[in-house]
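Notes follow the structure.
All of these numbers come straight from a predicted model, not from anything done at the bench. Here is the naming used below: chain letters follow the sequence lines, and residue numbers restart at 1 for every chain.
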2 protein chains.
Amino acid sequence: MSLTTAARVRPVGQDHYSISEVASYTGLSAHTLRWYERIGLLNGVHRSHTGQRLYTDGDLDWLDLIGKLRLTGMPVADMVRYAELVRAGDQTMPERTQLFREHREVVRQQIEDLRTTLAVLDFKIEFYEGAASGCTP
Amino acid sequence: MSLTTAARVRPVGQDHYSISEVASYTGLSAHTLRWYERIGLLNGVHRSHTGQRLYTDGDLDWLDLIGKLRLTGMPVADMVRYAELVRAGDQTMPERTQLFREHREVVRQQIEDLRTTLAVLDFKIEFYEGAASGCTP
DNA sequence: TACTGACTTGGAGTGCACTCCAAGCAACAA
DNA sequence: TTGTTGCTTGGAGTGCACTCCAAGTCAGTA
């Protein structure tokens, strides 16, 4: 679930990055970056005179946010919905707030569930270790 | 991600439950319960004289654990692996401990990621609310 | 006896989120 | 000039975790 293989280092502050630079920065594949654009999750990516994608720092910020939302299990369709609201302008701010408020509750619940499971895992590990060291008769 | 629609009430302590009782208890569909059994995640489910499944309290406990592991994103294949280790007997305990220790780290990392995202969400919500109430010039 | 409803099976289908493919173009090195 | 590398596209393919279907069995009720 966490992108441990990503370089996570933003290249020189040149404000235009190739798809492979962005791939290594975000940990997403170039395929996925193109797919994100196709489904409307990433809009208005600039192009060079030869038609190659040039991502800006703004795009990288957006991808950071998207990445965090993905990590919390937000469906891609919901993120596309959010992207559409942002495109639609400032009058959609109440709806965006609502979207985030609802998602915040989802995240809270997930943390709760994870904590419960962590406790179970700790208990199991202790049990297995106890059994291994012969503490149970 | 959380099973809010599940009844989560264990039926009378009769130690044999029908597939629909177990479905309503676990929040899993009957389809999924049969599929779990087919892939080896749930083994040795008893049958009535007419061939219908009769789940025990032990099965319900097992499904509780499985459900928690699923909630933390453990792939079904890994849970099947764990089920195989349990079937194989006590000599697999060290491997089971190892499996849980590794998963514990995954869960810890997830909690970390979720907390980071929660902070971003809080920040965004505050920003949108500030913008709505005209606090930004 | 007829019907209803809950169960059984193997196999096919679904939705999501990618992931890959083939064919082609542009820039550069040997 | 001939690779090689890195990019482009639309469309097809993949893997996971279910989810459903058709055809059949069995128990209970009108």
TODO: Report yes if at least one side-chain N or O of A:T32 is closer than 4.0 Å to OP1 or OP2 of C:dA17; otherwise report no.
DONE: no
- [ ] Give a yes/no answer on whether the side chain of A:Y36 brings an N or O atom under 4.0 Å of OP1 or OP2 in C:dA17.
- [x] no
Task: B:E105 versus B:Q109, side-chain donor and acceptor atoms under 3.5 Å - done: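 Checked: B:Q109/B:E105 side chains show no N/O donor-acceptor pair below 3.5 Å.
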Calculate the interatomic distance between [X] atom [atom1] and [N] atom [atom2]; express it in whole Å.
{"X": "A:R53", "N": "C:dC25", "atom1": "CZ", "atom2": "P", "answer": "17 Å"}
{"X": "B:E37", "N": "D:dC18", "atom1": "CD", "atom2": "C1'", "answer": "16 Å"}
{"X": "B:D78", "N": "D:dC16", "atom1": "CG", "atom2": "P", "answer": "11 Å"}
{"X": "A:L41", "N": "C:dA17", "atom1": "CG", "atom2": "P", "answer": "10 Å"}
{"X": "A:M74", "N": "C:dA17", "atom1": "CE", "atom2": "C1'", "answer": "16 Å"}
{"X": "B:L63", "N": "D:dC18", "atom1": "CG", "atom2": "P", "answer": "12 Å"}
{"X": "A:H31", "N": "D:dG10", "atom1": "NE2", "atom2": "C1'", "answer": "14 Å"}
{"X": "B:W35", "N": "C:dG13", "atom1": "CH2", "atom2": "C1'", "answer": "14 Å"}

Task: hbond_proxy A:R34 side chain to D:dG10 base (donor-acceptor, 3.5 Å cutoff) - done: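 Side chain to base: no pair below 3.5 Å.
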Open item on the list: Please determine whether any donor N or O and acceptor N or O are separated by less than 3.5 Å between the side chain of B:R38 and the base of C:dG11.
Closed with: yes
Out of [options], which has the shortest distance to the side chain of [X]?
{"X": "A:V76", "options": "D:dC7, C:dA17, D:dC20", "result": "C:dA17"}
{"X": "A:S20", "options": "D:dC7, D:dA17, D:dC18", "result": "D:dC7"}
{"X": "B:H49", "options": "C:dT19, D:dC7, D:dA27", "result": "D:dA27"}

Open item on the list: Quick check on DNA chain D: between B:Q52 and A:Q52, whose nearest nucleotide comes earlier from the 5' end?
Closed with: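 Between the two, 5'-proximity favours A:Q52.
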Task: Which residue lies more 5' along DNA chain D, comparing B:M79 with B:T50 via nearest heavy atoms - done: B:M79
Open item on the list: Using the rule that Ile, Leu, Val, Met, Phe, Trp and Tyr join whenever any side-chain heavy atoms are under 4.5 Å apart, tell me whether B:L54 and B:W62 fall into a single cluster.
Closed with: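 As far as the 4.5 Å side-chain criterion goes, B:W62 and B:L54 are not connected within one cluster.
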- [ ] Verify the cluster assignment for A:F123 and A:Y128: are they in a single hydrophobic cluster under the rule of side-chain heavy atoms below 4.5 Å apart?
- [x] no
Open item on the list: Could you check whether B:E102 pairs with B:R96 (Lys NZ or Arg NE/NH1/NH2 to Asp/Glu carboxylate O, under 4.0 Å)?
Closed with: no
Task: Salt bridge A:E129-B:R101, side-chain N to carboxylate O under 4.0 Å - done: yes
